[in-house]
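This report concerns only the one structure given below.
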Amino acid sequence: KIQRAAEKAGQDTQKFCDQISKTFRDLSEILNLSNTDFIRTTEQRHKNTVQYIWNELKKNDDIYLSNYSGWYSVSDEAFYNGDEIEEVDGKKIAILSKSPVEWIEEESYFFRLSKWEKPLLDYYQSNPNFISPESRKNEVISFVKSGLKDLSVSRKSFSWGIPVPDDNNHVIYVWLDALTNYLSALNYPDKNNELFKKFWPASIHLIGKDILRFHAIYWPAFLLAAGLPLPEKILAHGHWTVNRVKMSKSLGNVIDPIDLFETFGVDPVRYFLLRDGSINNDGDFSLENLELRRDVELADTLGNLLTRATGKAMLPEGLVLPVPSPAHELLENDIKLRQSAENLCRVVPEYYDNFEFGHAILEIMNVLRETNRYFQEMEPWTIRKRIKEAKKNGDDISQLDVQRADTIVYNALEVVRLCTILLQPIVPELSNNVLNYLNEGNRGILVVDEYLWRNGNIKFNGVYGKAFKLIDKEK
(Lines give C-alpha, C1' and ligand atoms only; values in the text may rest on other atoms or scores of the structure.)
Protein backbone atom coordinates (compact mmCIF):
# COMPACT_ATOMS: atom_id res chain seq x y z
CA LYS A 1 0.00 0.00 0.00
CA ILE A 2 2.74 2.46 0.97
CA GLN A 3 4.88 1.70 -2.08
CA ARG A 4 1.92 2.16 -4.43
CA ALA A 5 0.90 5.42 -2.76
CA ALA A 6 4.45 6.77 -3.02
CA GLU A 7 4.67 5.81 -6.69
CA LYS A 8 1.32 7.47 -7.36
CA ALA A 9 2.61 10.64 -5.67
CA GLY A 10 5.81 10.46 -7.70
CA GLN A 11 7.96 10.34 -4.54
CA ASP A 12 10.67 8.16 -3.10
CA THR A 13 9.01 5.70 -0.70
CA GLN A 14 11.23 6.61 2.26
CA LYS A 15 10.65 10.36 1.80
CA PHE A 16 6.92 9.72 1.40
CA CYS A 17 6.89 7.87 4.73
CA ASP A 18 8.98 10.59 6.39
CA GLN A 19 6.29 13.15 5.56
CA ILE A 20 3.49 10.97 6.96
CA SER A 21 5.51 10.23 10.09
CA LYS A 22 6.11 13.94 10.71
CA THR A 23 2.36 14.59 10.54
CA PHE A 24 1.73 12.10 13.35
CA ARG A 25 4.68 13.29 15.42
CA ASP A 26 3.42 16.88 15.16
CA LEU A 27 -0.12 15.80 16.01
CA SER A 28 1.11 14.07 19.18
CA GLU A 29 2.65 17.31 20.37
CA ILE A 30 -0.37 19.43 19.41
CA LEU A 31 -2.74 17.04 21.21
CA ASN A 32 -0.62 17.25 24.37
CA LEU A 33 -0.04 13.48 24.40
CA SER A 34 2.46 11.98 26.84
CA ASN A 35 4.02 9.23 24.72
CA THR A 36 7.58 8.47 25.77
CA ASP A 37 8.68 7.07 22.42
CA PHE A 38 7.77 7.25 18.75
CA ILE A 39 9.07 4.29 16.79
CA ARG A 40 8.96 3.71 13.06
CA THR A 41 9.28 0.44 11.18
CA THR A 42 12.05 1.98 9.07
CA GLU A 43 14.37 2.31 12.08
CA GLN A 44 17.32 -0.04 12.36
CA ARG A 45 16.37 -1.15 15.88
CA HIS A 46 13.05 -2.36 14.49
CA LYS A 47 14.61 -4.16 11.54
CA ASN A 48 16.97 -6.01 13.88
CA THR A 49 14.08 -7.20 16.06
CA VAL A 50 11.92 -8.31 13.13
CA GLN A 51 14.70 -10.35 11.57
CA TYR A 52 15.50 -11.91 14.95
CA ILE A 53 11.84 -12.93 15.42
CA TRP A 54 11.78 -14.32 11.87
CA ASN A 55 14.83 -16.46 12.58
CA GLU A 56 13.30 -17.71 15.84
CA LEU A 57 10.08 -18.74 14.07
CA LYS A 58 12.03 -20.34 11.24
CA LYS A 59 14.24 -22.21 13.72
CA ASN A 60 11.12 -23.57 15.43
CA ASP A 61 9.75 -24.76 12.05
CA ASP A 62 6.87 -22.28 12.19
CA ILE A 63 7.83 -20.68 8.83
CA TYR A 64 8.08 -22.51 5.50
CA LEU A 65 8.26 -21.61 1.78
CA SER A 66 5.30 -22.33 -0.54
CA ASN A 67 3.03 -20.58 -3.04
CA TYR A 68 0.12 -18.28 -2.27
CA SER A 69 -3.04 -17.61 -4.24
CA GLY A 70 -6.02 -15.70 -2.92
CA TRP A 71 -7.82 -12.41 -2.39
CA TYR A 72 -5.78 -9.50 -1.10
CA SER A 73 -6.78 -5.95 -0.10
CA VAL A 74 -4.04 -3.39 -0.61
CA SER A 75 -5.74 -0.73 1.55
CA ASP A 76 -6.44 -3.17 4.41
CA GLU A 77 -3.10 -4.93 3.99
CA ALA A 78 -4.96 -8.16 4.61
CA PHE A 79 -5.78 -11.47 2.93
CA TYR A 80 -9.41 -12.61 2.78
CA ASN A 81 -11.10 -15.97 2.35
CA GLY A 82 -13.65 -16.49 -0.39
CA ASP A 83 -16.56 -16.24 2.05
CA GLU A 84 -15.30 -12.81 3.15
CA ILE A 85 -15.64 -11.38 -0.37
CA GLU A 86 -18.67 -10.00 -2.20
CA GLU A 87 -19.23 -8.49 -5.64
CA VAL A 88 -20.66 -4.97 -5.93
CA ASP A 89 -21.10 -3.25 -9.30
CA GLY A 90 -18.87 -5.84 -10.91
CA LYS A 91 -16.03 -5.31 -8.41
CA LYS A 92 -14.83 -7.68 -5.71
CA ILE A 93 -14.71 -6.10 -2.24
CA ALA A 94 -14.12 -7.24 1.32
CA ILE A 95 -17.46 -7.59 3.13
CA LEU A 96 -16.09 -6.24 6.40
CA SER A 97 -14.19 -3.14 5.21
CA LYS A 98 -15.80 -2.60 1.77
CA SER A 99 -12.27 -2.21 0.38
CA PRO A 100 -11.46 -3.53 -3.13
CA VAL A 101 -9.59 -6.82 -3.30
CA GLU A 102 -7.47 -8.38 -6.01
CA TRP A 103 -6.47 -11.94 -6.80
CA ILE A 104 -2.76 -12.58 -6.38
CA GLU A 105 -0.57 -15.61 -6.96
CA GLU A 106 3.08 -15.68 -5.94
CA GLU A 107 5.74 -17.56 -4.03
CA SER A 108 5.52 -16.78 -0.32
CA TYR A 109 6.77 -17.79 3.07
CA PHE A 110 4.02 -19.00 5.39
CA PHE A 111 3.59 -18.99 9.15
CA ARG A 112 2.00 -22.17 10.52
CA LEU A 113 -1.00 -20.37 12.00
CA SER A 114 -3.13 -23.53 11.82
CA LYS A 115 -0.79 -25.16 14.35
CA TRP A 116 -1.78 -22.57 16.96
CA GLU A 117 -5.56 -22.85 16.64
CA LYS A 118 -6.05 -24.99 19.76
CA PRO A 119 -3.40 -23.20 21.89
CA LEU A 120 -5.12 -19.89 21.07
CA LEU A 121 -8.57 -21.19 22.02
CA ASP A 122 -7.14 -22.64 25.23
CA TYR A 123 -5.52 -19.29 26.02
CA TYR A 124 -8.76 -17.35 25.44
CA GLN A 125 -10.57 -19.74 27.77
CA SER A 126 -7.91 -19.53 30.48
CA ASN A 127 -7.69 -15.74 30.18
CA PRO A 128 -11.29 -14.51 29.74
CA ASN A 129 -10.30 -10.83 30.05
CA PHE A 130 -7.61 -11.04 27.36
CA ILE A 131 -9.87 -9.51 24.67
CA SER A 132 -12.36 -6.70 25.33
CA PRO A 133 -15.14 -5.87 24.88
CA GLU A 134 -16.98 -9.19 25.18
CA SER A 135 -18.70 -8.88 21.80
CA ARG A 136 -15.38 -8.61 19.98
CA LYS A 137 -13.88 -11.45 21.98
CA ASN A 138 -16.75 -13.62 20.77
CA GLU A 139 -16.03 -12.58 17.16
CA VAL A 140 -12.40 -13.64 17.51
CA ILE A 141 -13.22 -16.98 19.12
CA SER A 142 -15.80 -17.70 16.42
CA PHE A 143 -13.26 -16.92 13.70
CA VAL A 144 -10.61 -19.17 15.23
CA LYS A 145 -13.09 -22.00 15.74
CA SER A 146 -14.04 -21.83 12.06
CA GLY A 147 -10.51 -23.03 11.29
CA LEU A 148 -7.22 -21.18 10.84
CA LYS A 149 -5.22 -21.40 7.64
CA ASP A 150 -1.49 -20.85 7.47
CA LEU A 151 -0.63 -17.18 6.98
CA SER A 152 1.42 -15.63 4.18
CA VAL A 153 4.18 -13.60 5.85
CA SER A 154 6.30 -12.47 2.89
CA ARG A 155 5.84 -10.80 -0.48
CA LYS A 156 7.84 -10.96 -3.67
CA SER A 157 5.92 -8.48 -5.82
CA PHE A 158 7.35 -5.35 -4.17
CA SER A 159 10.62 -4.33 -2.52
CA TRP A 160 9.45 -1.92 0.20
CA GLY A 161 9.98 -3.70 3.49
CA ILE A 162 12.46 -5.60 5.61
CA PRO A 163 14.29 -8.32 3.64
CA VAL A 164 13.74 -11.92 4.68
CA PRO A 165 16.99 -13.20 6.26
CA ASP A 166 18.99 -15.22 3.72
CA ASP A 167 16.45 -14.56 0.94
CA ASN A 168 16.52 -11.05 -0.51
CA ASN A 169 13.88 -11.98 -3.08
CA HIS A 170 11.26 -11.63 -0.34
CA VAL A 171 10.32 -8.86 2.08
CA ILE A 172 8.60 -9.63 5.37
CA TYR A 173 4.86 -9.03 5.05
CA VAL A 174 3.32 -6.17 6.97
CA TRP A 175 1.77 -7.80 10.06
CA LEU A 176 4.75 -9.84 11.16
CA ASP A 177 6.77 -6.68 10.56
CA ALA A 178 4.37 -4.10 12.07
CA LEU A 179 3.22 -6.04 15.13
CA THR A 180 6.80 -6.70 16.17
CA ASN A 181 7.04 -2.94 16.75
CA TYR A 182 5.75 -3.58 20.26
CA LEU A 183 8.95 -5.51 20.96
CA SER A 184 11.44 -3.45 18.98
CA ALA A 185 10.45 -0.34 20.97
CA LEU A 186 11.68 -2.25 24.04
CA ASN A 187 15.02 -3.22 22.45
CA TYR A 188 14.13 -6.91 22.15
CA PRO A 189 15.86 -9.41 21.91
CA ASP A 190 17.83 -7.85 24.76
CA LYS A 191 15.61 -9.18 27.56
CA ASN A 192 17.88 -7.75 30.24
CA ASN A 193 17.43 -4.10 29.27
CA GLU A 194 15.30 -1.95 31.57
CA LEU A 195 12.61 -1.14 28.97
CA PHE A 196 11.86 -4.78 28.24
CA LYS A 197 11.87 -5.78 31.91
CA LYS A 198 9.55 -2.90 32.81
CA PHE A 199 7.06 -2.98 29.95
CA TRP A 200 6.80 -6.58 28.69
CA PRO A 201 4.41 -8.19 28.78
CA ALA A 202 2.48 -5.05 27.92
CA SER A 203 -0.43 -4.25 30.24
CA ILE A 204 -2.64 -3.44 27.26
CA HIS A 205 -2.75 -3.03 23.48
CA LEU A 206 -5.31 -0.31 22.70
CA ILE A 207 -6.40 -0.67 19.06
CA GLY A 208 -9.14 0.09 16.57
CA LYS A 209 -11.68 -2.66 15.97
CA ASP A 210 -10.63 -3.05 12.32
CA ILE A 211 -7.24 -4.52 13.28
CA LEU A 212 -8.49 -6.79 16.05
CA ARG A 213 -7.92 -10.00 14.09
CA PHE A 214 -4.25 -9.20 13.58
CA HIS A 215 -3.74 -8.35 17.26
CA ALA A 216 -5.88 -11.05 18.84
CA ILE A 217 -5.00 -13.98 16.54
CA TYR A 218 -1.83 -13.42 14.52
CA TRP A 219 0.16 -11.56 17.18
CA PRO A 220 -0.52 -14.02 20.03
CA ALA A 221 0.34 -16.89 17.71
CA PHE A 222 3.65 -15.22 16.73
CA LEU A 223 4.48 -14.66 20.40
CA LEU A 224 3.57 -18.20 21.44
CA ALA A 225 5.68 -19.58 18.62
CA ALA A 226 8.61 -17.40 19.70
CA GLY A 227 8.21 -18.49 23.33
CA LEU A 228 7.31 -15.00 24.55
CA PRO A 229 4.58 -13.96 27.01
CA LEU A 230 1.44 -12.36 25.61
CA PRO A 231 0.17 -8.87 26.46
CA GLU A 232 -2.23 -8.86 29.38
CA LYS A 233 -5.12 -7.33 27.46
CA ILE A 234 -6.22 -6.32 23.97
CA LEU A 235 -8.88 -3.61 23.95
CA ALA A 236 -10.55 -2.84 20.61
CA HIS A 237 -12.45 0.44 20.47
CA GLY A 238 -15.07 1.67 18.02
CA HIS A 239 -14.57 4.10 15.14
CA TRP A 240 -15.90 7.57 14.43
CA THR A 241 -18.65 8.15 11.92
CA VAL A 242 -20.09 11.41 10.60
CA ASN A 243 -23.88 11.52 10.75
CA ARG A 244 -23.73 7.71 11.16
CA VAL A 245 -21.75 7.33 7.91
CA LYS A 246 -18.18 6.00 7.82
CA MET A 247 -15.59 8.67 7.06
CA SER A 248 -14.38 8.53 3.48
CA LYS A 249 -12.40 10.85 1.25
CA SER A 250 -14.70 9.98 -1.64
CA LEU A 251 -17.72 11.12 0.39
CA GLY A 252 -15.94 14.28 1.48
CA ASN A 253 -16.83 13.77 5.15
CA VAL A 254 -13.31 13.41 6.56
CA ILE A 255 -12.61 15.64 9.56
CA ASP A 256 -9.28 17.50 9.72
CA PRO A 257 -8.16 17.48 13.38
CA ILE A 258 -5.92 20.52 12.92
CA ASP A 259 -8.92 22.58 11.79
CA LEU A 260 -10.82 21.45 14.89
CA PHE A 261 -8.00 22.44 17.24
CA GLU A 262 -7.71 25.86 15.64
CA THR A 263 -11.46 26.44 15.87
CA PHE A 264 -12.34 24.96 19.26
CA GLY A 265 -9.02 24.52 21.07
CA VAL A 266 -7.17 21.28 21.80
CA ASP A 267 -8.70 20.44 25.19
CA PRO A 268 -12.36 20.88 24.13
CA VAL A 269 -11.69 18.52 21.20
CA ARG A 270 -10.01 16.00 23.51
CA TYR A 271 -12.97 16.32 25.87
CA PHE A 272 -15.52 15.69 23.14
CA LEU A 273 -13.67 12.72 21.64
CA LEU A 274 -13.20 11.01 25.00
CA ARG A 275 -16.72 11.87 26.17
CA ASP A 276 -18.64 10.79 23.08
CA GLY A 277 -16.26 8.10 21.82
CA SER A 278 -16.97 4.52 22.80
CA ILE A 279 -15.25 1.21 23.35
CA ASN A 280 -18.30 -0.86 22.45
CA ASN A 281 -19.83 1.19 19.63
CA ASP A 282 -18.88 3.70 16.98
CA GLY A 283 -19.00 7.34 18.04
CA ASP A 284 -20.84 9.79 15.82
CA PHE A 285 -19.08 13.08 15.16
CA SER A 286 -20.86 16.40 14.77
CA LEU A 287 -19.60 19.95 15.11
CA GLU A 288 -22.83 20.85 16.89
CA ASN A 289 -22.19 18.31 19.65
CA LEU A 290 -18.56 19.37 19.97
CA GLU A 291 -19.59 22.99 20.42
CA LEU A 292 -22.36 21.98 22.83
CA ARG A 293 -19.98 19.99 25.05
CA ARG A 294 -17.48 22.83 25.10
CA ASP A 295 -19.98 25.59 25.85
CA VAL A 296 -22.49 23.88 28.14
CA GLU A 297 -20.27 21.50 30.08
CA LEU A 298 -16.77 22.96 30.17
CA ALA A 299 -17.48 26.68 29.90
CA ASP A 300 -20.75 26.82 31.87
CA THR A 301 -21.07 23.83 34.20
CA LEU A 302 -17.41 24.00 35.28
CA GLY A 303 -16.05 27.40 34.27
CA ASN A 304 -19.05 29.56 35.16
CA LEU A 305 -19.38 27.93 38.59
CA LEU A 306 -15.77 28.79 39.34
CA THR A 307 -16.28 32.36 38.10
CA ARG A 308 -19.39 32.87 40.25
CA ALA A 309 -17.80 31.43 43.38
CA THR A 310 -14.66 33.58 43.12
CA GLY A 311 -16.30 36.93 42.42
CA LYS A 312 -15.94 39.84 44.86
CA ALA A 313 -19.46 39.34 46.17
CA MET A 314 -18.67 35.75 47.18
CA LEU A 315 -15.13 36.45 48.45
CA PRO A 316 -15.40 39.90 50.08
CA GLU A 317 -12.17 39.42 52.04
CA GLY A 318 -10.07 38.79 48.93
CA LEU A 319 -9.15 35.95 46.59
CA VAL A 320 -8.82 33.42 49.41
CA LEU A 321 -10.49 30.07 50.09
CA PRO A 322 -12.95 30.66 52.96
CA VAL A 323 -12.83 28.71 56.20
CA PRO A 324 -15.86 26.38 56.44
CA SER A 325 -17.90 25.36 59.44
CA PRO A 326 -16.53 22.41 61.40
CA ALA A 327 -17.81 19.02 60.27
CA HIS A 328 -20.29 18.64 63.12
CA GLU A 329 -22.00 21.90 62.14
CA LEU A 330 -22.51 21.07 58.46
CA LEU A 331 -26.07 20.95 57.15
CA GLU A 332 -27.58 17.98 55.37
CA ASN A 333 -27.08 19.61 51.94
CA ASP A 334 -23.40 20.23 52.71
CA ILE A 335 -22.85 16.64 53.76
CA LYS A 336 -24.68 15.25 50.73
CA LEU A 337 -22.57 17.32 48.32
CA ARG A 338 -19.34 16.31 49.99
CA GLN A 339 -20.32 12.66 49.93
CA SER A 340 -21.02 12.92 46.20
CA ALA A 341 -17.57 14.40 45.63
CA GLU A 342 -15.88 11.77 47.80
CA ASN A 343 -17.67 8.96 45.98
CA LEU A 344 -16.66 10.54 42.66
CA CYS A 345 -13.01 10.35 43.69
CA ARG A 346 -13.47 6.60 44.19
CA VAL A 347 -15.33 5.72 40.99
CA VAL A 348 -13.57 7.90 38.40
CA PRO A 349 -10.15 6.20 38.75
CA GLU A 350 -11.92 2.86 38.30
CA TYR A 351 -13.53 4.11 35.09
CA TYR A 352 -10.14 5.32 33.88
CA ASP A 353 -8.57 1.95 34.68
CA ASN A 354 -11.23 0.32 32.49
CA PHE A 355 -10.82 2.91 29.72
CA GLU A 356 -14.41 4.08 30.22
CA PHE A 357 -13.60 7.75 29.75
CA GLY A 358 -17.12 8.73 28.72
CA HIS A 359 -18.59 7.27 31.91
CA ALA A 360 -15.97 9.06 34.02
CA ILE A 361 -16.74 12.41 32.38
CA LEU A 362 -20.49 11.97 32.83
CA GLU A 363 -20.01 11.21 36.53
CA ILE A 364 -17.82 14.30 36.95
CA MET A 365 -20.35 16.50 35.17
CA ASN A 366 -23.20 15.08 37.28
CA VAL A 367 -21.40 16.16 40.46
CA LEU A 368 -20.66 19.60 38.99
CA ARG A 369 -24.35 19.99 38.08
CA GLU A 370 -25.25 18.97 41.61
CA THR A 371 -22.83 21.62 42.89
CA ASN A 372 -24.41 24.27 40.67
CA ARG A 373 -27.84 23.33 42.04
CA TYR A 374 -26.50 23.42 45.60
CA PHE A 375 -24.97 26.84 45.02
CA GLN A 376 -28.19 28.16 43.48
CA GLU A 377 -30.44 26.76 46.21
CA MET A 378 -28.20 27.91 49.10
CA GLU A 379 -28.12 31.49 47.69
CA PRO A 380 -24.83 32.61 49.28
CA TRP A 381 -25.25 36.01 47.57
CA THR A 382 -28.36 36.64 49.67
CA ILE A 383 -26.44 35.90 52.84
CA ARG A 384 -23.47 38.03 51.74
CA LYS A 385 -25.84 40.90 50.91
CA ARG A 386 -27.42 40.65 54.38
CA ILE A 387 -23.97 40.80 55.97
CA LYS A 388 -23.00 43.78 53.80
CA GLU A 389 -26.15 45.69 54.73
CA ALA A 390 -25.61 44.99 58.44
CA LYS A 391 -22.08 46.40 58.15
CA LYS A 392 -23.39 49.45 56.30
CA ASN A 393 -26.06 50.10 58.90
CA GLY A 394 -23.73 49.54 61.83
CA ASP A 395 -25.75 46.54 63.01
CA ASP A 396 -24.33 43.43 64.65
CA ILE A 397 -23.08 41.00 62.05
CA SER A 398 -24.37 37.47 62.42
CA GLN A 399 -21.41 35.12 62.70
CA LEU A 400 -23.75 32.32 61.72
CA ASP A 401 -24.38 34.16 58.44
CA VAL A 402 -20.66 34.65 57.86
CA GLN A 403 -19.92 31.03 58.60
CA ARG A 404 -22.79 29.81 56.46
CA ALA A 405 -21.81 31.87 53.41
CA ASP A 406 -18.15 30.85 53.81
CA THR A 407 -19.14 27.18 54.00
CA ILE A 408 -21.29 27.32 50.85
CA VAL A 409 -18.58 29.03 48.81
CA TYR A 410 -15.91 26.75 50.26
CA ASN A 411 -17.87 23.62 49.33
CA ALA A 412 -18.46 24.83 45.77
CA LEU A 413 -14.82 25.74 45.21
CA GLU A 414 -13.49 22.54 46.73
CA VAL A 415 -15.76 20.38 44.57
CA VAL A 416 -14.58 22.34 41.53
CA ARG A 417 -10.99 21.63 42.59
CA LEU A 418 -11.60 17.90 43.07
CA CYS A 419 -13.45 17.57 39.76
CA THR A 420 -10.68 19.44 37.97
CA ILE A 421 -8.03 17.12 39.39
CA LEU A 422 -10.07 14.18 38.08
CA LEU A 423 -10.36 15.84 34.66
CA GLN A 424 -6.59 16.16 34.21
CA PRO A 425 -6.20 13.14 31.88
CA ILE A 426 -9.01 14.50 29.70
CA VAL A 427 -8.26 18.24 29.54
CA PRO A 428 -4.71 18.68 30.90
CA GLU A 429 -4.19 22.31 29.92
CA LEU A 430 -7.56 23.58 31.13
CA SER A 431 -7.19 21.59 34.34
CA ASN A 432 -3.75 23.02 34.92
CA ASN A 433 -5.11 26.56 34.50
CA VAL A 434 -7.85 25.98 37.08
CA LEU A 435 -5.59 24.21 39.57
CA ASN A 436 -2.95 26.93 39.31
CA TYR A 437 -5.65 29.53 39.90
CA LEU A 438 -6.88 27.65 43.00
CA ASN A 439 -3.30 27.26 44.24
CA GLU A 440 -3.53 23.46 44.16
CA GLY A 441 -0.22 21.64 43.96
CA ASN A 442 -1.68 18.13 43.79
CA ARG A 443 -1.58 16.66 40.30
CA GLY A 444 -1.97 13.00 41.26
CA ILE A 445 -4.82 10.57 41.73
CA LEU A 446 -6.88 11.51 44.75
CA VAL A 447 -6.99 9.35 47.84
CA VAL A 448 -10.27 9.65 49.70
CA ASP A 449 -9.21 10.23 53.29
CA GLU A 450 -9.23 12.99 55.89
CA TYR A 451 -6.89 15.07 53.73
CA LEU A 452 -9.23 15.23 50.73
CA TRP A 453 -10.68 18.58 51.81
CA ARG A 454 -8.25 21.46 52.22
CA ASN A 455 -8.16 23.89 55.09
CA GLY A 456 -9.37 27.42 54.42
CA ASN A 457 -7.31 30.61 54.17
CA ILE A 458 -5.51 29.42 51.01
CA LYS A 459 -4.67 32.39 48.80
CA PHE A 460 -5.56 31.90 45.15
CA ASN A 461 -3.38 32.86 42.19
CA GLY A 462 -5.36 35.49 40.36
CA VAL A 463 -6.33 39.12 40.21
CA TYR A 464 -9.00 39.95 42.77
CA GLY A 465 -12.11 41.23 41.03
CA LYS A 466 -11.08 39.94 37.62
CA ALA A 467 -13.38 37.11 36.52
CA PHE A 468 -11.72 33.78 35.80
CA LYS A 469 -12.50 32.69 32.24
CA LEU A 470 -11.96 29.03 31.50
CA ILE A 471 -12.95 29.04 27.81
CA ASP A 472 -13.42 31.75 25.25
CA LYS A 473 -16.62 30.73 23.45
CA GLU A 474 -16.03 33.35 20.78
CA LYS A 475 -12.77 31.77 19.64
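Count residues from 1 along the sequence. All values below come from the heavy atoms of this structure, side chains included, with hydrogens, waters and symmetry mates left out.
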- Query: Which atom names give the shortest non-hydrogen contact between M314 and A309, and what distance separates them?
  - Reply: CB-O, 3.5 Å

- Do other residues, nucleotides or ligands put more than 12 heavy atoms under 6.0 Å from the CD atom of E379? yes

- Note on the structure: The ring-ring contact (aromatic ring centres under 6.0 Å, His included) partners of Y52 (sequence neighbours excluded) come to Y188

- Message: Using 0.5 Å steps for rounding, measure from the CG atom of L235 to the CG atom of L206.
- Response: 5.5 Å

- Query: Does the separation of the ring centres of W240 and F272 fall below 6.0 angstrom?
  - Reply: yes

- Task: Might you work through the salt bridge (charged side-chain N to carboxylate O under 4.0 Å, His left out) test for E194 and K197, ending with a clear yes or no?
- Result: CA-CA 5 Å; E194 290 305 313; K197 288 194 290 186; 3.3 Å; yes

- Message: Do the side chains of R384 and D406 get close enough for a salt bridge, i.e. N-O under 4.0 angstrom?
- Response: yes

- Task: Take I207 and H237 through the test side chain to side chain contact (heavy atoms under 4.5 Å, CB included) and record every step on the way to the result.
- Result: CA-CA 6 Å; I207 60 169; H237 59 75; 5.8 Å; no

- Query: Would you say the side chains of S325 and T407 form a donor-acceptor pair under 3.5 Å?
  - Reply: yes

- Looking only at heavy atoms, which two atoms of S340 and V367 are closest? And how far apart? O-CG2, 4.0 Å

- Quick one: does W381's side chain get under 4.5 Å of F375's, heavy atoms only? yes

- Task: Return the minimal non-hydrogen interatomic distance between V296 and D300, and the atom names on each side.
- Result: O-CB, 3.2 Å

- Taking the side chain as every heavy atom from C-beta outward, state whether L362 and M365 have any atom pair closer than 4.5 Å. no

- Note on the structure: Separation between NZ (K336) and CG (L330), nearest 0.5 Å, reads 14.5 Å

- Query: What do the steps show when you test C345 against L452 for side chain to side chain contact (heavy atoms under 4.5 Å, CB included), and what is the final call?
  - Reply: CA-CA 9 Å; C345 294; L452 186 65; 4.2 Å; yes

- Find out whether I131 and L212 are in side-chain contact, i.e. whether some heavy atom of one side chain is under 4.5 Å from a heavy atom of the other. yes

- Item | Donor-acceptor pair, side chain of Y271 and main chain of L423, under 3.5 angstrom | no

- Find the distance between CG (L422) and CZ (R417) and round it off to the nearest 0.5 Å. 10.0 Å

- Item | Residue list, side-chain hydrogen bond (donor to acceptor under 3.5 Å, both in side chains) with E389, at least two apart or on another chain | none

- Non-hydrogen side-chain atoms of T371 and L305 separated by less than 4.5 Å: yes

- Task: Can you establish whether the number of heavy atoms outside N455 located under 6.0 Å from its atom CG is more than 12?
- Result: no

- Do the non-hydrogen side-chain atoms of H239 and M247 ever get within less than 4.5 Å of each other? no

- Item | salt_bridge(R404, E329) N-O dist < 4.0 Å | no

- Query: Is the shortest distance from a Lys or Arg side-chain nitrogen in R45 or D37 to a carboxylate oxygen in the other one below 4.0 Å?
  - Reply: yes

- Looking only at heavy atoms, the pair that brings N280 and P133 closest together is OD1-CB, 3.0 Å

- Note on the structure: One should read off an interatomic distance between I471 CD1 and L302 CG, to the nearest 0.5 angstrom, of 8.0 Å

- Item | NZ or CZ of R275 within 45° of F357 ring axis and under 6.0 Å | no

- Message: Strictly distance-based, threshold 3.5 Å: is any side-chain N or O of E350 a donor or acceptor partner for the main-chain N or O of V347?
- Response: no

- Message: How about CG on L96, more than 12 heavy atoms from neighbouring residues, nucleotides or ligands closer than 6.0 Å, or not?
- Response: no

- Answer yes or no: is there a donor N or O on one side and an acceptor on the other, between the side chain of E414 and the main chain of W453, under 3.5 Å? no

- Message: Any carboxylate oxygen within less than 4.0 angstrom of a Lys/Arg side-chain nitrogen, looking at D282 and K209?
- Response: yes

- Message: Centroid separation under 6.0 Å, is that true for the rings of Y182 and H215?
- Response: yes

- Task: Carefully, step by step, assess L176 and F222 under the rule side chain to side chain contact (heavy atoms under 4.5 Å, CB included).
- Result: CA-CA 8 Å; L176 181 53; F222 295 156; 3.7 Å; yes

- Any chance NZ of K145 has more than 12 other-residue heavy atoms, nucleotides or ligands included, within less than 6.0 Å? no

- Query: How are the rings of F214 and Y218 set to each other: parallel, tilted or perpendicular (split at 30° and 60°)?
  - Reply: tilted

- Would you kindly say whether S286 and N289 are connected by a side-chain donor-acceptor distance under 3.5 Å? yes

- Query: Do P231 and L223 touch side chain to side chain, with heavy atoms closer than 4.5 Å?
  - Reply: yes

- Message: One pair to check against side chain to side chain contact (heavy atoms under 4.5 Å, CB included): F355 and I204. What are the steps and the verdict?
- Response: CA-CA 11 Å; F355 295 85; I204 191 166; 3.2 Å; yes

- Query: So do E262 and I258 actually touch side chain to side chain, heavy atoms under 4.5 Å?
  - Reply: yes

- Note on the structure: Closest non-hydrogen atoms of A236 and R136, given as atom of the first, atom of the second and distance, are O-NH1, 2.6 Å

- Item | Closest contact, heavy atoms only, L186 versus F199 | CD2-CB, 3.8 Å

- Task: Might you work through the side chain to side chain donor-acceptor pair (under 3.5 Å) test for K233 and S132, ending with a clear yes or no?
- Result: CA-CA 8 Å; K233 190 180 194 65; S132 290; 2.8 Å; yes

- Message: I want to know whether Y123 and F130 have ring centres closer than 6.0 Å.
- Response: yes

- Test side-chain hydrogen bond (donor to acceptor under 3.5 Å, both in side chains) applied to N354 - qualifying residues, sequence neighbours left out: none

- Is there a side-chain contact between W116 and L148, using heavy atoms and a 4.5 Å cut-off? no

- Electrostatic pair D334-R338, nearest N-O below 4.0 angstrom: no

- Message: How about CD on Q44, more than 12 heavy atoms from neighbouring residues, nucleotides or ligands closer than 6.0 Å, or not?
- Response: yes

- Task: Look at the rings of H205 and W200 and say which category their plane angle falls in: under 30° parallel, 30 to 60° tilted, over 60° perpendicular.
- Result: tilted

- Query: Distance from I141 atom CD1 to L120 atom CG, nearest 0.5 Å?
  - Reply: 10.5 Å

- Message: For a side chain to side chain donor-acceptor pair (under 3.5 Å) check, start with the C-alpha distance between N343 and R346, then their side-chain angles and the critical distance, and finish with the verdict.
- Response: CA-CA 5 Å; N343 184 60; R346 294 185 184 95; 4.5 Å; no

- Item | Donor + acceptor pair across side chains of Y374, N411 (<3.5 Å) | yes

- When rounded to the nearest 0.5 Å, the distance separating CG of N439 from CG of N436 is 8.5 Å

